[in-house]
Trainee: 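Dropping the structure in here first, questions after.
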Amino acid sequence: MLDNLLIYQYRLILLICPLSALLVVIQSADFLSKWQTVKQSINGQFHKSGIPTVKKLLVSSPILINYRQFQLIRVIGSLVVTMALKPSSVFIGFFIFLVIYSAFYLYLILIMDVKKKQLRMKLPYCLKSIVYLCYIYPVANALSKAIDYIPEEFVGSLQEFVYAIDQHPSSFQPYQNFIQPFAKQMPSLNMYMRILYRMAQSGGSEADHLLSSINQSISDEINLVRLQKNKNINNMIQYLGLIPVGLVTFMLGYLLIFVSGKI
């Protein structure tokens with residue numbers, strides 16, 4: 001027992017020493033100045049290739065921590081898990097550390113992907129509320145009143161949209177600013193906003209015709225969202241049906257191992 005404890009402590013020291021030395025090197029001013037140049041180059045390549053950085057992912061995620069806090073949790077969590085697994089060598093321990101460290105980034109990617117899908121499914125309902133109100137009120141007033149009816153994910157963007165329209169009522173820029181965060185979720189949003197801008201500037205007898213065309217298109221979008229939700233539910237039911245099969249397989253396997261051990 002004592003020998004195992006000494007071996008484990010020896011492995012722990014071998015794992016921590018290189019990491020401690022690395023932290024000492026990082027603290028040097030010369031290394032930091034060079035690292036900033038390399039970091040900017042890497043971030044530039046990330047932006048060009050479309051790969052989001054950790055800071056960008058944190059801004060768009062619901063996690064309420066800053067970049068430094070996330071990195072601290074990331075390092076400490078990776079160290080704790082690595083030590084708990086008791087790697088047989090320093091190289092295996094370092095490899096496990098890198099895998100756990102990278103898993104935090106993949107977790108942010110997963111959260112961002114889930115958030116994009118949720119926005120994609122809720123955006124047509126947000127536009128539907130705006131269109132209904134446009135039948136009753138002028139466009140600017142309809143957008144202001146829609147704040148009370150749309151999903152909370154869009155409230156902040158719509159408030160900024162309404163304020164910008166009040167400041168620049170004849171400009172398309174407020175509409176363009178509202179489009180940008182959601183353009184990838186709904187490519188047709190640009191067309192809808194251009195029609196609303198046209199209605200806000202001209203109004204007239206063609207407003208009902210324009211609203212009817214938007215309303216029908218958004219209804220089609222909502223139908224697609226409903227079909228996707230039904231598909232997801234059906235897929236989930238199919239996966240849930242595999243749980244009893246897995247449990248039975250596990251129990252049979254356990255019984256076979258147990259009986260073979262008795263024999």
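What you see is a predicted model; the values in this text were computed from it and never measured.
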Trainee: Would you give the length of the straight line joining atom NZ of K56 to atom CE of M112, rounded to the nearest 0.5 angstrom?
Mentor: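 Answer for the NZ-CE pair, K56 versus M112, is 5.5 Å.
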
Trainee: Please find the pair of heavy atoms, one from Y101 and one from V75, that lie closest to each other, and give the distance.
Mentor: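 Heavy atoms of Y101 and V75 come nearest at CE1-CG2, 3.9 Å.
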
Trainee: Does N177 offer a backbone N or O that forms a donor-acceptor pair with the side chain of E160 under 3.5 Å?
Mentor: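 Checking the backbone N and O of N177 against the side chain of E160, no donor-acceptor pair under 3.5 Å is found.
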
Trainee: Should R194 and N190 count as side-chain neighbours, where that means a heavy-atom distance under 4.5 Å?
Mentor: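 Yes. Closest side-chain heavy atoms under 4.5 Å.
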
Trainee: How far does CG of L127 sit from CG of L189, to the nearest 0.5 angstrom?
Mentor: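 Separation between the atoms: 6.0 Å.
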
Trainee: For K117, which of L119, V114, D113 qualifies under side-chain contact (heavy atoms from CB on, under 4.5 Å)?
Mentor: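 By the side-chain contact (heavy atoms from CB on, under 4.5 Å) criterion, K117 pairs with just one of L119, V114, D113: D113.
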
Trainee: Output yes when a side-chain donor or acceptor of S157 lies under 3.5 Å from a complementary backbone atom of F154, and no otherwise.
Mentor: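 Judged by distance alone, no pair lies under 3.5 Å.
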
Trainee: With a 4.5 Å limit on heavy-atom distance, are the side chains of S219 and K128 in contact?
Mentor: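 Counting from C-beta outward, S219 and K128 do come under 4.5 Å.
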
Trainee: Less than 4.5 Å apart, any side-chain heavy atom of I130 and any of V139?
Mentor: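 They are not in contact (no side-chain heavy atoms under 4.5 Å apart), so the answer is no.
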
Trainee: Taking the side chain as every heavy atom from C-beta outward, state whether F70 and L108 have any atom pair closer than 4.5 Å.
Mentor: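 Yes, at least one pair of side-chain atoms sits under 4.5 Å.
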
Trainee: Could you check if a side-chain atom of C126 sits within less than 4.5 angstrom of a side-chain atom of P151, using non-hydrogen atoms only?
Mentor: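 Yes, at least one pair of side-chain atoms sits under 4.5 Å.
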
Trainee: What's the separation between atom CD1 in I65 and atom CZ in R68, rounded to the nearest 0.5 Å?
Mentor: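 Taking CD1 in I65 and CZ in R68, the distance rounds to 13.5 Å.
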
Trainee: Hey, does the side chain of Y197 reach the backbone of S170 with a donor-acceptor pair shorter than 3.5 angstrom?
Mentor: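 Side chain of Y197 to backbone of S170, a donor-acceptor pair under 3.5 Å: yes, one is there.
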
Trainee: Compare all side-chain heavy atoms of I109 with those of Y105 and state whether any distance is below 4.5 angstrom.
Mentor: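 Side chain of I109 against side chain of Y105, heavy atoms only: contact under 4.5 Å found.
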
Trainee: Within the distance-only criterion (no hydrogens, no angle test), does the side chain of N230 pair as donor or acceptor with the backbone N or O of R226 below 3.5 angstrom?
Mentor: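 Yes; judged by distance alone, with no hydrogens or angles, the pair exists.
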
Trainee: Over all heavy atoms of both residues, which pair between I222 and P124 is shortest? Give the atoms and the distance, please.
Mentor: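 In this case the closest contact between I222 and P124 is CG1-CB, 3.5 Å.
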
Trainee: In Å, rounded to the nearest 0.5 Å, how long is the span from CG of L224 to CE of M121?
Mentor: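 Atom-to-atom, L224:CG and M121:CE are 10.5 Å apart.
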
Trainee: What is the ring orientation for F161 with F178, classed by angle as parallel under 30°, tilted 30 to 60°, or perpendicular over 60°?
Mentor: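 Aromatic pair F161/F178 classed parallel.
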
Trainee: Does the side chain of Y192 come within less than 4.5 Å of E221's, by heavy atoms?
Mentor: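 Yes; the side chains approach each other to less than 4.5 Å.
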
Trainee: Is the distance from the ring center of F91 to that of F94 below 6.0 Å?
Mentor: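 No: the rings miss the under 6.0 Å criterion.
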
Trainee: Would one find more than 12 heavy atoms of other residues, nucleotides or ligands at under 6.0 Å from atom CD of E152?
Mentor: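 12 or below, so no.
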
Trainee: Spell out, yes or no, whether I214 and M191 are grouped together once hydrophobic residues are joined by side-chain heavy atoms under 4.5 Å, including indirect joins.
Mentor: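 Yes, one cluster joins them.
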
Trainee: If we ignore hydrogens and angles and just use 3.5 Å, is the side chain of S129 paired with the main-chain N or O of Y125 as donor and acceptor?
Mentor: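 Looks like yes, one N/O pair under 3.5 Å.
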
Trainee: Linking I/L/V/M/F/W/Y whenever their side-chain heavy atoms sit closer than 4.5 Å, directly or via other members, would L72 and V54 fall into one cluster?
Mentor: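 No, it is not one cluster - the side chains of L72 and V54 are not joined through contacts under 4.5 Å.
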
Trainee: For K229 and V225, what are the C-alpha separation, side-chain angles and deciding distance, and is it a side-chain contact (heavy atoms from CB on, under 4.5 Å)?
Mentor: CA-CA 6 Å; K229 284 183 178 179; V225 169; 4.0 Å; yes

Trainee: Going by the angle between their ring planes, with limits at 30° and 60°, are Y135 and Y132 parallel, tilted or perpendicular?
Mentor: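 Plane angle between 30° and 60°, so tilted.
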
Trainee: Are R74 and Q71 close enough that a side-chain donor and a side-chain acceptor fall under 3.5 Å?
Mentor: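 Yes - a donor-acceptor pair under 3.5 Å links their side chains.
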
Trainee: Return the minimal non-hydrogen interatomic distance between T82 and G93, and the atom names on each side.
Mentor: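 The answer is CG2-O, 3.3 Å.
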
Trainee: Could you state whether L158 and V155 fall into the same hydrophobic cluster, counting links through intermediate Ile, Leu, Val, Met, Phe, Trp or Tyr residues with side-chain heavy atoms under 4.5 angstrom apart?
Mentor: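 As far as the 4.5 Å side-chain criterion goes, V155 and L158 are connected within one cluster.
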
Trainee: With rounding to the nearest 0.5 Å, note down the distance linking CD1 in I179 to CE in M186.
Mentor: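 Rounded to the nearest 0.5 Å, the CD1-CE separation comes to 12.0 Å.
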
Trainee: If Ile, Leu, Val, Met, Phe, Trp and Tyr residues are connected whenever their side-chain heavy atoms lie under 4.5 Å apart, and connections chain through other members, are Y107 and Y67 in the same group?
Mentor: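 Linked within one cluster.
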
Trainee: Nearest 0.5 Å, please: how far is SG in C134 from CG in L143?
Mentor: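 Output value for this atom pair is 6.0 Å.
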
Trainee: Are the side chains of F104 and S78 in contact, using a 4.5 Å heavy-atom criterion?
Mentor: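 Answer yes - side chains close enough.
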
Trainee: Could you report the tightest heavy-atom contact between K145 and L133, atom names first, then the distance?
Mentor: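 Result for this residue pair: C-CD1, 3.9 Å.
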
Trainee: Sub-3.5 Å donor-acceptor pair from the side chain of Q167 to the main-chain atoms of A164, do we have one?
Mentor: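 Such a contact is absent between Q167 side chain and A164 backbone.
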
Trainee: Does I73 belong to the same Ile/Leu/Val/Met/Phe/Trp/Tyr cluster as V80, with side-chain heavy atoms less than 4.5 Å apart forming each link?
Mentor: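 No, I73 and V80 fall in different hydrophobic clusters.
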
